2 protein chains.
Amino acid sequence: MKKLTPAEENYLKAIYHLLEEGPEKVSTNEIASLIQSKAASVSDMLKRLAEKELIDYKKYHGVSLTDSGHKTALHIIRRNRLWEVFLVEKLKFNWDEIDTLAEELEHVNSPLLVRRLDEYLGFPKFDPHGDPIPDEFGELSSKPRIVLSEVRSGQVGKIVAVNNSSAAFLKYLDKVGIYIGAKVEVLDTIEFDGSQELLIDGQKKVFVSKEVSANIQVMLHPA
Amino acid sequence: MKKLTPAEENYLKAIYHLLEEGPEKVSTNEIASLIQSKAASVSDMLKRLAEKELIDYKKYHGVSLTDSGHKTALHIIRRNRLWEVFLVEKLKFNWDEIDTLAEELEHVNSPLLVRRLDEYLGFPKFDPHGDPIPDEFGELSSKPRIVLSEVRSGQVGKIVAVNNSSAAFLKYLDKVGIYIGAKVEVLDTIEFDGSQELLIDGQKKVFVSKEVSANIQVMLHPA
DNA sequence: AATAAGATTTAGACTGATCTAAAAAAAAAT
DNA sequence: ATTTTTTTTTAGATCAGTCTAAATCTTATT
Ligand SMILES: [Mn+2]
Ligand SMILES: [Mn+2]
Ligand SMILES: [Mn+2]
Ligand SMILES: [Mn+2]
């Protein structure tokens, strides 16, 4: 368990996020695209990560995380999300401004610092985008979630997370009044394109494309 | 004013601190020793920093900071000291544990982050070691200071800073009850070795070597 | 099954940061 | 003014991380 470089940590995190989508292998190109680099650079890094036994790698056939790599990724994500909470809760950043900052802060790797920060923030379970924060053993608390685009007309839920943390998307949500914790009712779903009319907090009507609703996670109201 | 690497920032800061001691040029070896590297590495880095016009460098004749380098160094120091305040004030770290953490955090360079952090901390003017925090224009507030080893017997002052931030020194101060803000009276000074008997806060007697007192800064009581 | 298309890896180069050992320059000592 | 010592720079390596271009492997299409 030696110290990793920022680049190695970024790659591990990228692989983790891609695996989260479902597949049990991720490709070089997918990683390159997510991390904004070139396939050749990824190949190179994969060799190093495999050498350190953080990933399982068979040339030309994609990678997955070893147990050690998985655990490491969760630690990095924990730091990332705790800093995101700090930036929003304490420093009053907007949720669309914290990405690049947390992307740097996450690499300061001190177990004591992380524990103190966690404590200081009141042991938050979710980050500002609604994503769960792993505990120090890598355990994730999860809420039962369903993607908004799959909620049927008439159903009511609460927005718990977003799948896309780009500034453009988050700013748009701010503008139309959608936020984590908001109550949402699906008033109507257009069959043609899957767009929906929503009622936010029982007062504001919003019309969103499927592009948007597919990036919003909802917890259905038990009722 | 392009973005600097962490290594470049560390070198600039080192040069700044060495110049602070008085001389108007600092040597390659002094830098190497402070930064725990080798003279050859320093030579190499000096070339790069000179190229970027952050230092004035004539081979074999030492370096000084340009205006731009000086300003940059103060920005780095500002970040370092603000994070130190954060670690002590908010995360309850002891003043002997913050060095390496602040050494990493200082490289996260976002003007907005620094401004928000400063605001959040209540615009502190001094860090936990008593060192002044430059404002965003690089201005330093300073208190009139005198080194404790030069305070004469009978004089009374307040401890305002330490010249040495090593864990060993700070832990020692903790142990004997010396802290920033403490009232100190010099009861006696031994002519032979310059050691002193002190009275801390009017109650605790402490005997310190000159080695120690030369690393403590005092503000004399105007009386 | 052969070929074309696409994905991935390798080869080779570059930058930044570091080191050791050798060369060169400056400072100190004779 | 030489010689010796110390300091500093250069030469040459190495490692991490990245890239472009070329080679190679896999997969899809005829
Ligand atoms: Mn990162
Ligand atoms: Mn997040
Ligand atoms: Mn540093
Ligand atoms: Mn300090």
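Note on naming: letters A, B, ... go to the chains in the order of the sequence lines (proteins, then strands), and numbering restarts at 1 for each one. Predicted, not measured: the structure shown is a model, and the values here were computed from it.
With hydrogens and angles left out, the side-chain atoms of His75(A) and Asn109(A) include no donor and acceptor closer than 3.5 Å. Between the side chains of Thr189(B) and Ser153(B), at least one donor N or O lies within less than 3.5 Å of an accepting N or O. In summary, the side chains of Glu30(A) and Ser27(A) do present a donor paired with an acceptor at a separation below 3.5 Å, with no hydrogens or angles considered. Using modelled atom types, one finds a donor on one side chain and an acceptor on the other under 3.5 Å when comparing His107(B) with Asn10(B). No side-chain N or O of Glu103(A) forms a donor-acceptor pair with one of Thr100(A) less than 3.5 Å apart. Looking only at atom types and distance, the side chain of Asp174(A) has a donor-acceptor partner in the side chain of Trp95(A) under 3.5 Å away.
Note on Arg81(B) versus Glu106(B): no salt bridge recorded, every NZ/NE/NH1/NH2 to OD/OE distance being 4.0 Å or above. Of the charged side-chain nitrogens involved, at least one lies within less than 4.0 Å of a carboxylate oxygen, so that Arg79(A) and Glu9(A) count as a salt-bridged pair. A salt bridge is absent between Lys71(B) and Asp67(B): the closest approach of a Lys/Arg side-chain nitrogen to an acidic carboxylate oxygen does not fall below 4.0 angstrom. Salt-bridge formation is detected for the pair Arg78(A)/Asp118(A): a Lys NZ or Arg NE/NH1/NH2 atom is positioned less than 4.0 Å from an Asp or Glu carboxylate oxygen.
Proximity of residues 18-26 of chain A to DNA chain C (heavy atom under 4.0 angstrom from any strand atom) is not detected for any residue. Looking at residues 41-53 of chain B, you'll see Ser41(B), Asp44(B), Met45(B), Arg48(B) sit with a heavy atom under 4.0 Å from some atom of DNA chain C. Remark: nothing in residues 99-110 of chain B comes within less than 4.0 Å of DNA chain D through any heavy atom.
Distance from the side chain of Glu8(A) is smallest to dG17(D) among dA11(D), dG17(D), dA21(D).
Using a 4.0 Å heavy-atom criterion, one finds that Ala7(A) contacts the sugar-phosphate atoms exclusively.
The side chain of Asn29(B) contributes an N or O atom lying less than 4.0 Å from OP1 or OP2 of dT8(D). In terms of phosphate contacts, Ser37(B) brings no side-chain nitrogen or oxygen within less than 4.0 Å of OP1 or OP2 of dA17(C). Between Tyr11(B) and dG16(C) there is no side-chain N or O to OP1 or OP2 distance below 4.0 Å. Within the 4.0 Å cut-off from OP1 or OP2 of dT10(D), at least one side-chain nitrogen or oxygen of Lys59(B) is found. The phosphate of dT8(C) has OP1 or OP2 within less than 4.0 Å of a side-chain N or O from Ser27(A). An OP1 or OP2 oxygen of dT8(C) is reached within less than 4.0 angstrom by no side-chain nitrogen or oxygen of Tyr57(A).
For Phe86(B) and Phe86(A), the ring centers are positioned less than 6.0 Å apart.
Residue whose closest nucleotide on DNA chain D sits further toward the 5' end, between Thr5(A) and Ala40(A): Thr5(A).
When the P atom of dT7(D) is taken as reference, atom CD1 of Ile31(B) falls 14 Å away, rounded to whole Å. What separates OH of Tyr60(A) from C1' of dT8(C) is a distance of 5 Å, to the nearest Å. Put simply, NE2 on His61(A) is 19 Å from P on dG6(C), counting in whole angstrom units.
Atom OG1 in Thr72(A) sits 10.5 Å away from atom CD in Glu8(A) (nearest 0.5 Å).
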